[in-house]
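Can you read through this structure? Questions will come right after.
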Amino acid sequence: MRAVIFDIDGTLLDSVDLHAQAWVEAFAHFGVETDAAKVRSQIGKGGDELMPVFLPPERIEREGKEIESYRSDLFKRKYLPEVRPFPAVRPLFERIRAAGLKIALASSGKGPEVERYQEILGIADLVAVVTSSDDADRSKPHPDIFEAAAQKLEGFGKDEMIVIGDTPYDAQAASKAGLRTIGVLCGGFPEADLSGAGCVAIYRDPQDLLDGFDRSLLATS
(Lines give C-alpha, C1' and ligand atoms only; values in the text may rest on other atoms or scores of the structure.)
Protein backbone atom coordinates (compact mmCIF):
# COMPACT_ATOMS: atom_id res chain seq x y z
CA MET A 1 0.00 0.00 0.00
CA ARG A 2 1.37 3.40 -0.99
CA ALA A 3 -1.57 5.81 -0.86
CA VAL A 4 -4.86 6.35 0.95
CA ILE A 5 -7.74 8.34 -0.59
CA PHE A 6 -10.17 9.75 1.96
CA ASP A 7 -13.72 10.92 1.55
CA ILE A 8 -14.36 13.83 3.96
CA ASP A 9 -18.01 14.33 4.96
CA GLY A 10 -19.10 11.57 7.32
CA THR A 11 -15.66 9.98 7.19
CA LEU A 12 -13.44 12.65 8.74
CA LEU A 13 -16.06 15.28 9.63
CA ASP A 14 -19.28 14.87 11.61
CA SER A 15 -21.28 16.75 8.99
CA VAL A 16 -23.81 14.37 7.42
CA ASP A 17 -26.80 15.50 9.50
CA LEU A 18 -25.91 19.14 8.86
CA HIS A 19 -25.75 18.60 5.10
CA ALA A 20 -29.09 16.81 5.23
CA GLN A 21 -30.67 19.66 7.18
CA ALA A 22 -29.34 22.17 4.66
CA TRP A 23 -30.87 20.22 1.77
CA VAL A 24 -34.24 19.87 3.53
CA GLU A 25 -34.29 23.59 4.25
CA ALA A 26 -33.21 24.50 0.72
CA PHE A 27 -35.86 22.27 -0.86
CA ALA A 28 -38.50 23.78 1.46
CA HIS A 29 -37.45 27.28 0.38
CA PHE A 30 -38.37 26.28 -3.17
CA GLY A 31 -41.65 24.69 -2.11
CA VAL A 32 -40.47 21.09 -2.16
CA GLU A 33 -41.42 18.99 0.87
CA THR A 34 -38.98 16.18 1.59
CA ASP A 35 -38.53 13.42 4.12
CA ALA A 36 -35.46 14.19 6.25
CA ALA A 37 -34.47 10.52 6.59
CA LYS A 38 -34.64 10.02 2.82
CA VAL A 39 -32.52 13.13 2.24
CA ARG A 40 -29.97 11.88 4.74
CA SER A 41 -29.74 8.55 2.94
CA GLN A 42 -28.61 10.42 -0.18
CA ILE A 43 -25.83 12.43 1.49
CA GLY A 44 -22.54 11.36 -0.02
CA LYS A 45 -23.74 12.12 -3.52
CA GLY A 46 -23.15 15.48 -5.13
CA GLY A 47 -26.09 17.75 -5.88
CA ASP A 48 -26.21 16.52 -9.49
CA GLU A 49 -27.01 13.02 -8.25
CA LEU A 50 -29.06 13.95 -5.19
CA MET A 51 -31.56 16.36 -6.74
CA PRO A 52 -33.01 13.87 -9.26
CA VAL A 53 -34.19 11.74 -6.32
CA PHE A 54 -36.52 14.56 -5.27
CA LEU A 55 -37.16 16.67 -8.37
CA PRO A 56 -38.34 15.92 -11.93
CA PRO A 57 -35.82 16.52 -14.74
CA GLU A 58 -37.63 19.57 -16.10
CA ARG A 59 -37.49 21.33 -12.75
CA ILE A 60 -33.79 20.52 -12.34
CA GLU A 61 -33.19 21.95 -15.79
CA ARG A 62 -35.08 25.10 -14.84
CA GLU A 63 -34.04 25.65 -11.21
CA GLY A 64 -31.34 23.13 -10.34
CA LYS A 65 -28.44 25.57 -10.34
CA GLU A 66 -30.40 28.08 -8.27
CA ILE A 67 -31.39 25.44 -5.71
CA GLU A 68 -27.83 24.13 -5.45
CA SER A 69 -26.47 27.66 -5.06
CA TYR A 70 -29.00 28.44 -2.35
CA ARG A 71 -28.16 25.21 -0.50
CA SER A 72 -24.43 25.87 -0.75
CA ASP A 73 -24.74 29.41 0.63
CA LEU A 74 -27.11 28.22 3.36
CA PHE A 75 -24.73 25.48 4.45
CA LYS A 76 -21.74 27.81 4.60
CA ARG A 77 -23.65 30.49 6.49
CA LYS A 78 -25.72 28.41 8.93
CA TYR A 79 -24.28 24.92 9.25
CA LEU A 80 -20.56 25.00 8.47
CA PRO A 81 -19.71 26.69 11.82
CA GLU A 82 -21.18 23.62 13.55
CA VAL A 83 -19.03 21.06 11.68
CA ARG A 84 -16.52 19.22 13.86
CA PRO A 85 -13.89 16.54 13.14
CA PHE A 86 -14.35 13.02 14.38
CA PRO A 87 -11.83 12.06 17.08
CA ALA A 88 -8.27 11.07 16.10
CA VAL A 89 -8.27 12.29 12.48
CA ARG A 90 -4.92 14.06 12.72
CA PRO A 91 -3.25 11.25 14.72
CA LEU A 92 -4.50 8.77 12.09
CA PHE A 93 -3.07 10.92 9.30
CA GLU A 94 0.23 11.20 11.16
CA ARG A 95 0.34 7.41 11.56
CA ILE A 96 -0.37 6.92 7.86
CA ARG A 97 2.41 9.34 6.92
CA ALA A 98 4.81 7.66 9.36
CA ALA A 99 4.12 4.39 7.55
CA GLY A 100 5.33 6.03 4.33
CA LEU A 101 1.94 6.37 2.63
CA LYS A 102 0.66 9.42 0.80
CA ILE A 103 -2.76 10.87 1.60
CA ALA A 104 -5.32 12.20 -0.88
CA LEU A 105 -8.70 13.82 -0.24
CA ALA A 106 -11.59 13.16 -2.63
CA SER A 107 -14.77 15.06 -1.82
CA SER A 108 -17.99 15.80 -3.69
CA GLY A 109 -17.82 19.27 -2.14
CA LYS A 110 -16.70 22.35 -4.03
CA GLY A 111 -13.08 23.53 -3.90
CA PRO A 112 -13.52 26.31 -1.32
CA GLU A 113 -15.51 23.94 0.93
CA VAL A 114 -12.74 21.36 0.82
CA GLU A 115 -10.16 24.01 1.70
CA ARG A 116 -12.24 25.02 4.70
CA TYR A 117 -12.62 21.38 5.71
CA GLN A 118 -8.85 20.98 5.80
CA GLU A 119 -8.63 23.97 8.13
CA ILE A 120 -11.28 22.49 10.44
CA LEU A 121 -9.50 19.14 10.43
CA GLY A 122 -6.03 20.64 10.85
CA ILE A 123 -4.49 18.21 8.36
CA ALA A 124 -3.50 20.34 5.34
CA ASP A 125 0.22 19.82 6.00
CA LEU A 126 -0.23 16.04 5.86
CA VAL A 127 -2.17 15.85 2.58
CA ALA A 128 -0.40 15.32 -0.75
CA VAL A 129 -3.36 15.49 -3.16
CA VAL A 130 -6.76 17.20 -2.99
CA THR A 131 -9.66 16.72 -5.38
CA SER A 132 -13.14 18.23 -5.25
CA SER A 133 -16.22 18.48 -7.44
CA ASP A 134 -14.21 20.94 -9.54
CA ASP A 135 -12.13 17.96 -10.74
CA ALA A 136 -15.10 15.78 -11.71
CA ASP A 137 -17.84 16.03 -14.31
CA ARG A 138 -20.07 13.70 -12.30
CA SER A 139 -20.25 13.10 -8.55
CA LYS A 140 -20.37 9.83 -6.61
CA PRO A 141 -21.50 7.12 -7.17
CA HIS A 142 -19.78 7.83 -10.51
CA PRO A 143 -16.03 7.17 -10.37
CA ASP A 144 -14.84 10.59 -11.62
CA ILE A 145 -13.61 12.00 -8.31
CA PHE A 146 -11.58 8.91 -7.45
CA GLU A 147 -10.22 8.69 -10.98
CA ALA A 148 -9.03 12.29 -10.59
CA ALA A 149 -7.35 11.50 -7.26
CA ALA A 150 -5.67 8.40 -8.69
CA GLN A 151 -4.34 10.41 -11.63
CA LYS A 152 -2.89 13.05 -9.30
CA LEU A 153 -1.12 10.29 -7.35
CA GLU A 154 1.30 9.92 -10.23
CA GLY A 155 3.37 6.78 -10.46
CA PHE A 156 1.13 4.72 -8.18
CA GLY A 157 -0.85 1.73 -9.39
CA LYS A 158 -4.47 1.39 -8.34
CA ASP A 159 -3.61 -1.81 -6.49
CA GLU A 160 -1.32 0.36 -4.32
CA MET A 161 -4.16 2.71 -3.28
CA ILE A 162 -7.22 2.29 -1.11
CA VAL A 163 -10.27 4.50 -0.51
CA ILE A 164 -11.75 5.19 2.93
CA GLY A 165 -15.36 6.34 2.97
CA ASP A 166 -18.60 6.22 4.95
CA THR A 167 -21.26 5.65 2.28
CA PRO A 168 -22.18 2.95 -0.23
CA TYR A 169 -21.69 5.66 -2.88
CA ASP A 170 -18.01 5.89 -1.97
CA ALA A 171 -17.56 2.15 -2.36
CA GLN A 172 -19.52 2.04 -5.62
CA ALA A 173 -17.57 4.94 -7.10
CA ALA A 174 -14.24 3.49 -5.99
CA SER A 175 -15.09 0.08 -7.44
CA LYS A 176 -15.92 1.64 -10.80
CA ALA A 177 -12.51 3.36 -10.63
CA GLY A 178 -10.79 0.04 -9.94
CA LEU A 179 -10.11 0.81 -6.27
CA ARG A 180 -10.88 -1.03 -3.03
CA THR A 181 -12.70 0.66 -0.14
CA ILE A 182 -12.47 0.52 3.63
CA GLY A 183 -15.77 1.61 5.16
CA VAL A 184 -16.36 3.59 8.36
CA LEU A 185 -19.65 3.61 10.25
CA CYS A 186 -19.42 7.14 11.68
CA GLY A 187 -21.38 8.62 8.77
CA GLY A 188 -24.45 6.66 9.85
CA PHE A 189 -24.85 4.07 7.09
CA PRO A 190 -25.48 0.50 8.29
CA GLU A 191 -22.63 -1.99 8.13
CA ALA A 192 -24.73 -4.20 5.84
CA ASP A 193 -25.02 -1.35 3.30
CA LEU A 194 -21.27 -0.80 3.27
CA SER A 195 -20.53 -4.52 2.97
CA GLY A 196 -23.13 -4.86 0.22
CA ALA A 197 -21.47 -2.03 -1.71
CA GLY A 198 -18.16 -3.87 -1.64
CA CYS A 199 -16.18 -2.53 1.33
CA VAL A 200 -13.30 -4.92 2.05
CA ALA A 201 -13.07 -3.93 5.73
CA ILE A 202 -15.20 -1.82 8.09
CA TYR A 203 -14.25 0.25 11.15
CA ARG A 204 -16.32 2.35 13.51
CA ASP A 205 -14.50 5.63 12.90
CA PRO A 206 -11.00 7.15 12.45
CA GLN A 207 -10.12 6.31 16.08
CA ASP A 208 -11.00 2.65 15.54
CA LEU A 209 -8.89 2.54 12.38
CA LEU A 210 -5.97 4.16 14.20
CA ASP A 211 -6.28 1.68 17.07
CA GLY A 212 -6.23 -1.23 14.62
CA PHE A 213 -3.72 0.27 12.20
CA ASP A 214 -1.03 -2.39 12.51
CA ARG A 215 -3.56 -5.10 11.60
CA SER A 216 -5.24 -3.10 8.83
CA LEU A 217 -4.76 -3.09 5.07
CA LEU A 218 -2.97 0.24 5.47
CA ALA A 219 -0.07 -1.56 7.17
CA THR A 220 0.08 -4.30 4.53
CA SER A 221 3.10 -3.96 2.27
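Residue numbers start at 1 and run along the sequence shown.
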Does the K158 side chain pair with the main chain of A177, one donor and one acceptor, at a distance under 3.5 Å?
yes
N-O pairing of E68 and K65 below 4.0 Å
no
Side chains of Q21 and D17: donor-acceptor distance under 3.5 Å anywhere?
no
Listed once per pair and sorted, the ring-ring contact (aromatic ring centres under 6.0 Å, His included) pairs that draw on residues 84-123, sequence neighbours left out:
F6-F93
Does F54 have any ring-ring contact (aromatic ring centres under 6.0 Å, His included) partners at least two apart in sequence or in another chain, and if so, which?
F27
Give a yes or no on whether the backbone of G109 and the side-chain of S133 come within a donor-acceptor separation of less than 3.5 Å.
yes
Close aromatic pair by centroid cut-off 6.0 Å: H19 and F75
yes
So does P141 get a backbone contact from the side chain of K176, meaning a donor-acceptor N/O pair under 3.5 Å?
yes
So, does D134 use its side chain to make a donor-acceptor pair with the main chain of G111 at under 3.5 Å?
yes
How would you list all residue pairs meeting side chain to side chain donor-acceptor pair (under 3.5 Å) that involve residues 182-203, not counting sequence neighbours?
none
Please verify the inter-ring angle class for H29 with Y70; under 30° counts as parallel, over 60° as perpendicular, anything in between as tilted.
parallel
Return yes if some donor-acceptor pair links the side-chain N/O of S41 with the main-chain N/O of K38 below 3.5 Å, else return no.
yes
Check R97 with E94, please: is the shortest side-chain N to carboxylate O separation under 4.0 Å?
no
Is there a side-chain contact between R59 and F30 in this structure, where contact means two heavy atoms from C-beta onward sitting under 4.5 Å apart?
yes
With a 4.5 Å limit on heavy-atom distance, are the side chains of T167 and I43 in contact?
no
Any donor-acceptor N/O pair, D144 side chain to R138 backbone, under 3.5 Å:
yes
Quick one: does T131's side chain have a donor or acceptor within less than 3.5 Å of a partner on L105's backbone?
yes
Scan V184, I8, L185, D9 and name whichever one has a side chain to side chain contact (heavy atoms under 4.5 Å, CB included) with D166.
V184
